[in-house]
Every structure is written in structure tokens, then in C-alpha cells.
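Since this is a predicted model, take the numbers as computed values, not measurements. Reckoned from all heavy atoms, side chains included, excluding hydrogens, waters and symmetry mates.
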Amino acid sequence: PPLRQDDGWFSFEWKEFGQQWQKQDEENNKGTARWLRGWHGCKFEALYSIIYHGKLRESKDKSRGERFFEGVPAVYVHKDKTAHKAENYM
């Protein structure tokens with residue numbers, strides 16, 4: 001279920017990824033998890049696509065209105081220090 005956060009936004013834990021996956025990753029990598037938290041902001045319409053496809057898809061096609069750095073198609077996220085920038089997508 002959605003978890004209400006401060007300032008009127010919600011977080012969702014991805015069903016296929018949870019604490020058990022992080023623990024397994026740490027065990028497989030001798031106590032060091034390779035997963036780091038990232039903050040991804042998106043328009044509401046994109047949320048449907050993320051849920052429907054079960055993954056974040058890289059931005060790579062400007063003709064579809066996708067934004068990305070030229071020559072660097074990717075899923076862009078912010079670290080904790082710049083997480084507030086993800087709020088600009090609301």
C-alpha cells in the first residue's frame with residue numbers, strides 16, 4: 001500500500017523488491033549491498049507505464065517527448081542530498 005510522506009507525497013515499495021532482496025544482495029556480496037536509494041520523479045501519466053511494465057524504462061527517444069542528456073540514454077535518479085529535485089515533476 002502507499003505510504004504517506006511529508007509534504008503530501010507518497011512512496012510505494014516495489015513488490016518484487018523489498019528487504020528480502022536487499023538482504024540477499026548483501027549476502028551475495030559479502031555484506032556490501034550494491035543497491036543504493038535513488039529518487040525518481042515523474043509525471044502522473046508515467047506512473048501508469050512504470051506500474052504496467054513493471055520497471056523504469058530509459059529515456060532515449062526525443063520524438064516521444066522524452067528528456068535525457070544527448071548520447072546518454074538512461075533512467076535518471078537523484079541521491080538523497082538532491083532528492084527534493086524529484087518533486088519538480090508533480
Side-chain angles (χ1 to χ4, degrees):
L3 179 61
R4 182 179 290 275
Q5 303 293 329
D6 294 336
D7 298 325
W9 64 277
F10 294 85
S11 64
F12 297 83
E13 184 173 295
W14 201 254
K15 188 173 183 179
E16 287 80 20
F17 182 82
Q19 295 300 322
Q20 75 277 7
W21 290 103
Q22 186 170 357
K23 183 177 179 183
Q24 180 180 351
D25 188 50
E26 288 173 358
E27 290 169 359
N28 291 341
N29 292 289
K30 300 179 180 137
T32 304
R34 294 176 298 166
W35 290 92
L36 300 175
R37 179 172 40 209
W39 299 88
H40 179 75
C42 66
K43 299 289 185 187
F44 191 74
E45 313 82 65
L47 182 59
Y48 174 83
S49 176
I50 294 166
I51 293 170
Y52 179 82
H53 293 289
K55 60 184 174 182
L56 294 170
R57 300 179 79 135
E58 66 183 2
S59 296
K60 62 181 179 180
D61 188 346
K62 286 187 178 183
S63 70
R64 294 191 314 202
E66 297 172 358
R67 299 181 307 170
F68 60 96
F69 293 108
E70 192 66 42
V72 189
V75 173
Y76 296 97
V77 297
H78 292 281
K79 55 189 168 188
D80 286 346
K81 187 175 181 179
T82 58
H84 65 278
K85 291 184 177 186
E87 296 174 5
N88 294 330
Y89 290 88
M90 293 185 203

TODO: Answer yes or no: is there a donor N or O on one side and an acceptor on the other, between the side chain of Y76 and the main chain of S59, under 3.5 Å?
DONE: no
TODO: Look at the side chain of H40 and the backbone N and O of H78, then say whether any donor-acceptor pair between them is shorter than 3.5 Å.
DONE: no
- [ ] State, to 0.1 Å, how close E58 and E66 come at their nearest heavy-atom pair, and which atoms those are.
- [x] O-OE1, 4.1 Å
Open item on the list: Same cluster or not: F68 versus V75, using hydrophobic residues (I, L, V, M, F, W, Y) connected whenever any side-chain heavy atoms lie under 4.5 Å apart?
Closed with: no
Open item on the list: To the nearest 0.5 Å, what is the distance between NE2 on H84 and CH2 on W39?
Closed with: 12.5 Å
Open item on the list: What's the separation between atom CG in N88 and atom NZ in K85, rounded to the nearest 0.5 Å?
Closed with: 8.5 Å
Open item on the list: If I compare all heavy atoms of C42 with all of I50, which pair ends up nearest, and what's the gap?
Closed with: SG-CD1, 4.0 Å
Open item on the list: A quick test of your reading: do over 12 heavy atoms of other residues, nucleotides or ligands sit less than 6.0 Å from CZ of F10?
Closed with: yes
